[in-house]
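Reckoned from all heavy atoms, side chains included, excluding hydrogens, waters and symmetry mates.
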Amino acid sequence: MNGENPIVLVDMDGVLADFDGATQAHLESLEIPIRERNNFYYRDDYPEANYTDVINKLHASQNFFRNLPPVDGAIEGWDKIKDLGYEPRICSSPLHTNEWCKEEKLKWIEEHLGREAMKSAVIDSKKELYDGIALIDDRPEVKTSGETTWRHVVFDAPHNKDSTSTIRLNGWYDPDLPAVLRYCMEHSKSRL
Ligand SMILES: [Mg+2]
């Protein structure tokens, strides 16, 4: 990384780290029936109090974020962004109900993506404060309090089918990754 390549911001949960997969495995271990993922927040698919409680406790537990498996193809995808001449940078919201979240995310990044990725990572929910040409994020609508330089690339997931964003990446093996980033490069907004 030379600090001059266009920055591509990359979300963690649901994009690099398999938050949903780990949650589903936990529910299965408790023999809780698996449902379709229609809502961004897992608990909204399981509104019954006993289920919500199980999910909230899991997400608030120590080592949950540390031990998330990588999403299929995520590490290769990260390297592909670099090979295409961009500079990937983590931009991830902390989960405030988990006191270990931020430090465990940083350890996860260092383990799976290396020290440079850890040092440049942003763990902050105010994603509009960080510049880039693209933000690859599975959230259907990234709510911001101001203008952003980046374009939201929706990382495809069952819970974001209704996103209004027109730019979509169908997983890390999507052959359109170069075209998607080129489009973002051409349509990103500079701060004047
Ligand atoms: Mg996410």
Side-chain angles (χ1 to χ4, degrees), residues 9-78 88-115 117-128 130 135-144 152-163 165 168-173:
L9 301 173
V10 186
D11 176 40
M12 277 184 85
D13 299 319
V15 175
L16 294 170
D18 195 2
F19 185 99
D20 277 23
T23 305
Q24 181 172 326
H26 184 68
L27 296 177
E28 280 171 340
S29 76
L30 299 173
E31 297 185 353
I32 294 173
I34 302 307
R35 295 178 182 165
E36 266 184 57
R37 293 282 292 108
N38 294 317
N39 292 284
F40 176 72
Y41 288 107
Y42 220 103
R43 59 177 179 270
D44 293 340
D45 285 326
Y46 291 84
E48 300 89 335
N50 53 333
Y51 291 163
T52 305
D53 193 46
V54 164
I55 291 166
N56 286 343
K57 277 198 181 117
L58 174 69
H59 294 167
S61 64
Q62 190 170 15
N63 292 321
F64 175 71
F65 286 98
R66 181 70 187 85
N67 292 332
L68 289 179
V71 163
D72 191 27
I75 312 303
E76 298 94 316
W78 180 268
R89 184 183 191 192
I90 301 275
C91 192
S92 172
S93 300
L95 184 67
H96 293 294
T97 53
N98 184 312
E99 63 181 287
W100 302 278
C101 178
K102 185 170 178 178
E103 68 175 81
E104 288 186 10
K105 281 189 174 206
L106 292 172
K107 284 182 184 159
W108 190 101
I109 297 164
E110 186 172 20
E111 180 195 342
H112 294 284
L113 300 170
R115 196 163 178 75
M118 189 267 284
K119 284 189 339 203
S120 72
V122 167
I123 312 293
D124 189 347
S125 54
K126 294 191 178 66
K127 299 189 179 187
E128 68 271 22
Y130 305 94
L135 168 68
I136 302 175
D137 200 310
D138 65 313
R139 195 181 278 266
E141 312 295 335
V142 181
K143 295 196 174 57
T144 57
H152 176 201
V153 177
V154 181
F155 192 83
D156 188 66
H159 61 74
N160 62 31
K161 298 290 182 215
D162 297 329
S163 168
S165 177
R168 185 171 286 265
L169 195 64
N170 289 303
W172 285 114
Y173 297 113

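With contacts defined as side-chain heavy-atom distances shorter than 4.5 Å, the pair V122/L9 does not qualify. Considering only heavy atoms from C-beta on, K127 comes within 4.5 Å of S93 through its side chain. When side chains are defined from C-beta on, F155 does not count as touching N170, because their heavy atoms never get closer than 4.5 Å. V15 places a side-chain heavy atom less than 4.5 Å from the side chain of W172. In this structure, V153 and L135 have side chains that are not in contact, with every pair of non-hydrogen atoms separated by 4.5 Å or more. Between H26 and V54, the closest side-chain pair of non-hydrogen atoms falls below 4.5 Å. Here the side chains of V10 and L16 are in contact, with some heavy-atom distance below 4.5 Å. No side-chain heavy atom of Y51 sits under 4.5 Å from any side-chain heavy atom of L27.
Note that the CG atom of N56 and the CG atom of L95 stand 9.0 Å from one another [nearest 0.5 Å]. Between R115 atom CZ and I109 atom CD1 the span is 12.5 Å, to the nearest 0.5 Å. From C101, atom SG reaches atom CD1 of I123 across 7.0 Å, with rounding to the nearest 0.5 Å. How far CG of L58 is from CG of D53: 11.5 Å, rounded to the nearest 0.5 Å. Rounding to the nearest 0.5 angstrom, the gap separating the SG atom in C91 from the CE atom in M12 is 11.5 Å. Taken from CZ in R37 to NE2 in H159, the straight-line distance is 5.5 Å, to the nearest 0.5 Å.
For the residue pair A60 and N98, the shortest heavy atom distance occurs at C-ND2, 3.4 Å. Contact detail for R168 and S163: the closest heavy-atom pair is NH2-CB, 3.8 Å. Scanning all heavy atoms of the two residues, the minimum distance from F40 to P140 falls at CD1-CD, 3.7 Å.
Using a 30° and 60° split on the angle between ring planes, W108 and H112 fall in the tilted class, from 30° to 60°.
Within 6.0 Å of atom CG in N50, more than 12 heavy atoms from other residues, nucleotides or ligands are found, so the atom counts as buried in its surroundings. Heavy atoms from other residues, nucleotides or ligands lying under 6.0 Å from NZ of K57 number 12 at most. Within a 6.0 Å sphere centred on CD of E48, heavy atoms belonging to other residues, nucleotides or ligands number more than 12.
Of the residues F64, Y41, W100, F65, the one that meets the ring-ring contact (aromatic ring centres under 6.0 Å, His included) test with H59 is F64.
With hydrogens and angles disregarded, a donor-acceptor distance shorter than 3.5 Å links the side chain of R89 to the backbone of S120. Remark: side-chain polar atoms of N63 are not paired, donor with acceptor, to backbone N or O of R66 under 3.5 angstrom. Side-chain N or O atoms of T52 include one that pairs as donor or acceptor with a backbone N or O of Y46 at under 3.5 Å. Looking only at distances, a side-chain donor or acceptor of H152 sits under 3.5 Å from a matching main-chain atom of D137.
Looking at D138 and N160, their side chains never bring a donor and an acceptor atom within 3.5 Å of each other. At a cut-off of 3.5 Å, with distance as the only test, no side-chain donor of Y42 or D20 sits close to an acceptor on the other residue.
Of the charged side-chain nitrogens involved, none lies within less than 4.0 Å of a carboxylate oxygen, so that E111 and K107 do not count as a salt-bridged pair. A salt bridge between D45 and R35 is absent, with no side-chain N of the basic residue lying under 4.0 Å from a carboxylate O of the acidic one. Residues D11 and R139 are not paired through a salt bridge, judged by the lack of any N-O separation under 4.0 Å between the basic side chain and the carboxylate.
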